[in-house]
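Report on the structure given below.
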Amino acid sequence: MRRARTRTLLAAAALLAGLLGGGGSAAGAGGTRGEALVHAAAAAPQNTAEAENCDTGTSLPPRQQVGARIQEIRKRGYLVVGVDQSAYNWGYRDSQTGRIEGFDIDLARAVARSVLGDPDKVRLKTVATADRVKLLQAQPRTVDMIARAMTITCDRLEQISFSSPYFKVSQRVVAPKAAHARSVAGALGGKRVCAALNSSSHSELKADPHGAASVVTPDNQLDCLVLMELGEADATLSDSSLAAAMVAQDQTMELAGESFLPTYMGVGMNKDDTDLIAWVNQVLVDWRNNGGWQASYDRWLRPVMGDPGPYRPW
């Protein structure tokens, strides 16, 4: 906990200096079985507005077939993955080793192992929450995929593609324990609310402010925790995965009120990269069946989130 707190304080200093939110990079390291995972949308937990427009629980059938994007990755010799470096237990830079680690990083390495035969043949490019979609659309391409606690939404599906779901999430509020907030309305009503720019929580607050007096939108989710610690925000709206990470980083914070708007997280990719999308879906099937998903959950998330049952996408 002391190490996590230290990371938060360092982030606070960076925020005050105007340094957070930038990019950067750090070098790190067939078949169609399991299609039930891809078609999990039969019981997809979507919010009402989105359910009328799209299905956030489906993707291309899993398949390992070499196409243009896989050929490009193999020719290059490494996979480039957009990740977070400040989401505790998901994608964060360990203050002692300097390595970026976490659940999403394990997934990135599983894809590198499958495509290139070596989990270390991956370059982890840190990207801001606000930049994820535009990086996947950019030409020339600077990332092959983004594994960064990214919620699948209908708006995003119009711009990019996603893998099949690999985690169930919902919206949660984080607030200081001293606020004694017992509901979403109580935590957000009349308050200064923080949500990362272009995040699913930001979109929700634009659609329904939930009574917030004002909304602040920094580039990264950790900035919201820092702003609460500095007394410059009263509460944060985030997806449940990152909300749990914030509470784990600072024991003066708590999850306030009920969860709402259940949906999924997926790996973001460019719409044209159909061979990579299908390949990643096969990796997710294998990662589930060979115990990789469970092992990664047990290592990074179980201490904070408990029983993995509610978070499995299958």
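Below, each value reflects all heavy atoms present in this structure, side chains not excepted, and no hydrogens, waters or symmetry copies.
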- For Lys271, what residues pass the salt bridge (charged side-chain N to carboxylate O under 4.0 Å, His left out) criterion, not counting sequence neighbours? none
- Message: If you apply the rule side chain to side chain contact (heavy atoms under 4.5 Å, CB included), what do you find for Ser241 with Phe103, and how did you get there?
- Response: CA-CA 11 Å; Ser241 60; Phe103 187 89; over 6 Å; no
- Could you tell me the separation between the CZ atom of Arg132 and the OG1 atom of Thr151, rounded to the nearest 0.5 Å? 7.0 Å
- Message: Nearest 0.5 Å, please: how far is CG in Asp208 from CG in Leu237?
- Response: 10.0 Å
- Task: For Val215 and Thr217, work out which heavy atoms get closest and say how close.
- Result: CG1-CG2, 3.9 Å
- Are the side chain of Arg123 and the backbone N or O of Val80 linked by a donor-acceptor pair below 3.5 Å? no
- Just checking, any donor-acceptor pair under 3.5 angstrom between side chains of Thr129 and Gln221? no
- Just wondering, do Met253 and Met246 contact through their side chains at under 4.5 Å, heavy atoms? no
- Task: Applying salt bridge (charged side-chain N to carboxylate O under 4.0 Å, His left out), name anything that partners Asp298, two or more places apart in sequence or on another chain.
- Result: Arg302
- Among residues two or more places apart or on two chains, list those pairs meeting salt bridge (charged side-chain N to carboxylate O under 4.0 Å, His left out) that have a residue in residues 189-199. Arg192-Asp234
- Could you point out which residue of Tyr297, Trp300, Phe167 forms a ring-ring contact (aromatic ring centres under 6.0 Å, His included) with Trp90? Phe167
- Message: Hydrophobic clusters here meaning ILVMFWY residues chained together by side-chain heavy-atom distances under 4.5 Å, can you tell me if Met265 and Trp314 are in one?
- Response: yes
- Query: Could you give the distance from CD (Gln65) to CG (Asp275), rounded to the nearest 0.5 Å?
  - Reply: 8.0 Å
- Query: Counting distance only, does the side-chain N/O of Asp307 pair as donor-acceptor with the main-chain N or O of Pro310 below 3.5 Å?
  - Reply: no
- Task: State, yes or no, whether a side-chain contact exists between Arg74 and Lys121 at a heavy-atom distance under 4.5 Å.
- Result: no
- Query: Do the non-hydrogen side-chain atoms of Val133 and Arg156 ever get within less than 4.5 Å of each other?
  - Reply: yes
- Note on the structure: Residue pairs passing the salt bridge (charged side-chain N to carboxylate O under 4.0 Å, His left out) test with at least one member in residues 173-186, sequence neighbours excluded, are Arg182-Glu254
- Task: Determine which pairs satisfy ring pair (Phe, Tyr, Trp, His ring centres under 6.0 Å) with at least one residue from residues 106-152, sequence neighbours left out, and list them in order.
- Result: none
- Close side-chain approach of Gln171 to Ser200, heavy-atom, < 4.5 Å: yes
- Excluding sequence neighbours, so at least two apart, what forms salt bridge (charged side-chain N to carboxylate O under 4.0 Å, His left out) with Glu204? none
- Message: Strictly distance-based, threshold 3.5 Å: is any side-chain N or O of Arg148 a donor or acceptor partner for the main-chain N or O of Met150?
- Response: no
- Message: Donor-acceptor check, side chain of Arg109 to backbone of Pro119, threshold 3.5 angstrom: yes or no?
- Response: yes
- Query: Can any side-chain N or O of Arg172 pair as donor or acceptor with the backbone N or O of Gly257 at less than 3.5 Å?
  - Reply: yes
- Message: Determine whether a donor-acceptor pair (N or O, by modelled atom type, separation under 3.5 Å) exists between the side chain of Asp273 and the backbone of Leu276.
- Response: no
- Task: Indicate whether any N or O donor in one side chain lies under 3.5 Å from an N or O acceptor in the other, for Asp155 and Thr153.
- Result: no
- Checking Asp104 side chain against Ala149 main chain: does a donor-acceptor pair fall under 3.5 Å? yes
- Side-chain donor or acceptor of Arg288 paired with backbone N/O of Trp293 under 3.5 Å: no
- Using a 4.5 Å cut-off on heavy atoms from C-beta on, say whether the side chain of Pro308 contacts that of Leu301. no
- For Ser183 and Glu258, what are the C-alpha separation, side-chain angles and deciding distance, and is it a side chain to side chain contact (heavy atoms under 4.5 Å, CB included)? CA-CA 6 Å; Ser183 67; Glu258 65 278 13; 4.3 Å; yes
- Not counting sequence neighbours, list each pair that qualifies as a ring pair (Phe, Tyr, Trp, His ring centres under 6.0 Å) and has a residue in residues 209-236. His210-Phe260
- Item | Within residues 137-162 or reaching into it, pairs that qualify as ring pair (Phe, Tyr, Trp, His ring centres under 6.0 Å) - sequence neighbours excluded | none
- Task: Could I get the full list of salt bridge (charged side-chain N to carboxylate O under 4.0 Å, His left out) partners for Arg299, not counting sequence neighbours?
- Result: none
- Heavy-atom pair with the smallest gap, counting every atom of Leu205 and Ala195: CD1-CB, 3.8 Å
- Given the rule in the side chain to side chain contact (heavy atoms under 4.5 Å, CB included) test, do Ile73 and Met145 qualify, once you have shown the distances and angles that lead to the verdict? CA-CA 11 Å; Ile73 293 168; Met145 56 186 242; over 6 Å; no
- Query: Any idea which heavy atoms bring Ala130 and Asn198 closest together, and the distance?
  - Reply: O-ND2, 3.0 Å
- Item | Nearest heavy atoms of Val143 and Lys125, plus distance in Å | CG1-CD, 3.6 Å
- Item | Pairs touching residues 107-157 that satisfy ring pair (Phe, Tyr, Trp, His ring centres under 6.0 Å), sequence neighbours left out | none
- Quick one: closest heavy-atom pair of Pro165 and Thr56, and the distance? CG-O, 4.2 Å
- Item | Side chain proximity check, Val280 to Val115, heavy atoms < 4.5 angstrom | no
- Looking at side-chain heavy atoms only, is the closest gap between Leu255 and Val173 below 4.5 Å? no
- side chain to side chain donor-acceptor pair (under 3.5 Å) partner of Arg69, chosen from Asn270, Asp272, Asp144, Thr274: Asp144
- Task: Sequence neighbours left out, what pairs pass disulfide (SG to SG under 2.5 Å) with at least one residue falling in residues 253-314?
- Result: none
- Task: Look at the side chain of Ser240 and the backbone N and O of Ser170, then say whether any donor-acceptor pair between them is shorter than 3.5 Å.
- Result: yes
- Contact summary for Tyr92 and Ala87, nearest pair of heavy atoms: CB-O, 3.7 Å
- For residues Val66 and Trp279, determine if any side-chain heavy atom of one lies less than 4.5 Å from a side-chain heavy atom of the other. yes
- Keeping to residues at least two apart or across chains, list the disulfide (SG to SG under 2.5 Å) pairs with something in residues 171-200. Cys194-Cys224
